[in-house]
Q: 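Would you mind keeping the following structure in view while I ask a few things?
Below, all heavy atoms of this structure are taken into account, side chains as well, without hydrogens, waters or symmetry copies. Throughout, a chain's letter reflects where its sequence line sits, starting with A, and its residues are numbered from 1. Here the structure is a predicted model, which is why all the values come from computation and not from measurement.
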There are 2 protein chains.
Amino acid sequence: MNSNQSIETTNESELDRITSSSESASRIWAATDRHTRAAALEAIANALDADADALVLVAGQETNLTEARLRSELKRTSFQLRLFAEVLHEGSYLDVRIDHADSDWPMGAPRPDLRRILQPLGPVLVFAASNFPSAFSVAGGDTASALAAGCSVIVKAHSGHPALSAKVSGLVQDALARAGAPSGIFQTIFGTESGRAVLTDSRIKAGSFTGSIQGGRALFNLAQSRPEPIPFYGELGSSNPVFVTQAAVENRSEQIVAEFIASFTLGAGQFCTKPGILLVPDSSDIPELLAQSTLPPAARLLNDRIHTGYLASLADVSSAAEWLNASTERHAEPPAPSLLITSVETVLSNVKDLTAEVFGPAALVVRYQHEEQLI
Amino acid sequence: MNSNQSIETTNESELDRITSSSESASRIWAATDRHTRAAALEAIANALDADADALVLVAGQETNLTEARLRSELKRTSFQLRLFAEVLHEGSYLDVRIDHADSDWPMGAPRPDLRRILQPLGPVLVFAASNFPSAFSVAGGDTASALAAGCSVIVKAHSGHPALSAKVSGLVQDALARAGAPSGIFQTIFGTESGRAVLTDSRIKAGSFTGSIQGGRALFNLAQSRPEPIPFYGELGSSNPVFVTQAAVENRSEQIVAEFIASFTLGAGQFCTKPGILLVPDSSDIPELLAQSTLPPAARLLNDRIHTGYLASLADVSSAAEWLNASTERHAEPPAPSLLITSVETVLSNVKDLTAEVFGPAALVVRYQHEEQLI
């Protein structure tokens, strides 16, 4: 499904060279004035905006996302970089504390002059997401915040958009070099095993990840099992349950149905904020309204791996719940949106399958009798 | 060495009851006004101060620490509780952020009204320290901060001072009950296995620990390996290396020697801030001055376990370094202070043994040739 899978896995000696230069760069960058770092972030934002047409074209070829969606995401990406530049100029993020010496400090001993300021951690490994090829990928929020804080960055590119990753990496490196940032400040690696190897390298001082619970937990475990454990910031999937009360049903059933359909199919259901479970009172007309609604047309998923994973998790849910909408295209490529239905008792008897995230255009409606069952 | 080891390990059904009531109490406490929580902390501080004589007496029997030291530590303990009460009254700890709705938000979509405030985590398990029987134990800083934040607390008492732990627990529970805190808000458990069992209970939402690197790492690993990992705050041991430059030797050798001796033997070397390693230029007279100095007299260590551990770690270091001071009492009970000496090359060839913390009245002097060797 992707136009370009030819970018090679980074080899072992290259990983060592990259990690070593990242460590050297992080010392220089940490000592750089915050306004200089802000200017570098603004330079990256300008470079992305200047190349927007070409970036959106490559992203569309690799992810099947619409041009409108990709343009909006790229706008968000350069906005994020400029937002962190503003944070740097403003300065309160440093959380500076000055406690002057106090000979009468009532703890029992005089207090010396104490000063505290947040310090950059060192080289950060950023695992890019599949579903936000700009805003949560190579030049996304994790990269922006780490560079802002004074850390060097190694991005582990997502296999779903390798050509875009390589292109954005080049733009970021050029912009940083022109802004006077040290060589090695920003580098990109490819390959699942490369990511694991670098995460467990003692020179790496923090990790970040956007993706599935399973993948995030595996990397978290690696980060925590190191001789020196490091902070690991994971933004993981969720089934995002939505609770519809009896009062809401009485006031705005049709509005809820329309908004729910729009939301669970947005971006072919590939947002981490997709409402995957809709809990409705047993007596409500919402299931009938949903069954009678025309759902949006089928849309291609991000890539083959996502498509295969979607069908597998849809099979898990449908083995324990009923189909709510009629469709012959729900397992096709591209897959039409799917709705399933079950009772709260069934969910409680099979929590693992029925509350797991289904990454794609599907959602589960759950009937309940009493609002106490929602707790 | 202790006067009272008769307090029993908390049994399994009791642990379940304690954890369950801690969970219930944490919900009520989290919803309690911060000024009410401040008053409860002040009530604990007042109760400790009012019973100071009796507490210092029991603490002395169990820990071999001097009365002056124990009185000063108790003063620090009630001070800490009042400090957190002040923090609660002041309120900025909540880190409140209000971002008003902005229809022109340049991210690409309107910003809704966003509000953020720090929330209590839920029941916290506090592992008490051996070497600070008040300030880092039952009613110590971890307990004070967790109660202040709106969390319920379960303290895993340290086996080194069980009678003091039971006595302080009773005072804290009475003070909290009088201040209107919910039943179950503060409880104490006994036994190593009890601590491990409660730390892995899904109802516990954070852990804290003060003690050895080995013990802290084992508990950290447990906390991180749970299905739901939880924050684990460890204050661990260190060998606290002190670097003496050539310029410092020329200006104040004798002062450094006097201060170093006072510092590494303070409290029989049982502070986590003890300088365990003193790096000096090869040409300096500091080793000779140390060898000629009269060290403070032997002092009993906290308890038998600490004494045994001290002799074992002293044996590890002395197998790879030379004795610097003469003493026939260094392995006696109580042990006289010990100084060892070696070169920076020897340390680098045996980092594990020679940089490990020796918890007790011993320190290692390390000669270096060039200041570059210190990096």
Q: Ignoring hydrogens and angles, tell me if any N or O in the side chain of Gln270(B) forms a donor-acceptor pair with the backbone of Gly267(B) under 3.5 Å.
A: yes

Q: Using a cut-off of under 4.5 Å on heavy-atom pairs, state which of Lys75(A), Gln224(A), Glu73(A), Arg82(A) scores highest against chain B.
A: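 Result: the option with the highest number of such pairs is Gln224(A).
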
Q: Look at Arg76(A), Arg71(A), Gln80(A) and state which one has the largest set of heavy-atom pairs under 4.5 Å with chain B.
A: Arg76(A)

Q: Does Arg217(B) make a cation-pi contact with Phe209(B) (under 6.0 Å, within 45 degrees of the axis)?
A: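 The answer is no, since Arg217(B) fails at least one limit relative to Phe209(B).
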
Q: Can you tell me which portion of Ser225(B) sits under 4.5 Å from chain A's heavy atoms? Options are side chain, backbone, both or neither.
A: backbone

Q: Are there over 12 heavy-atom neighbours, none belonging to Arg196(B), within less than 6.0 Å of that residue's CZ?
A: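 12 or below, so no.
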
Q: Indicate the atoms forming the closest heavy-atom contact of Ile204(B) with Arg226(B), along with that distance.
A: O-NH2, 3.0 Å

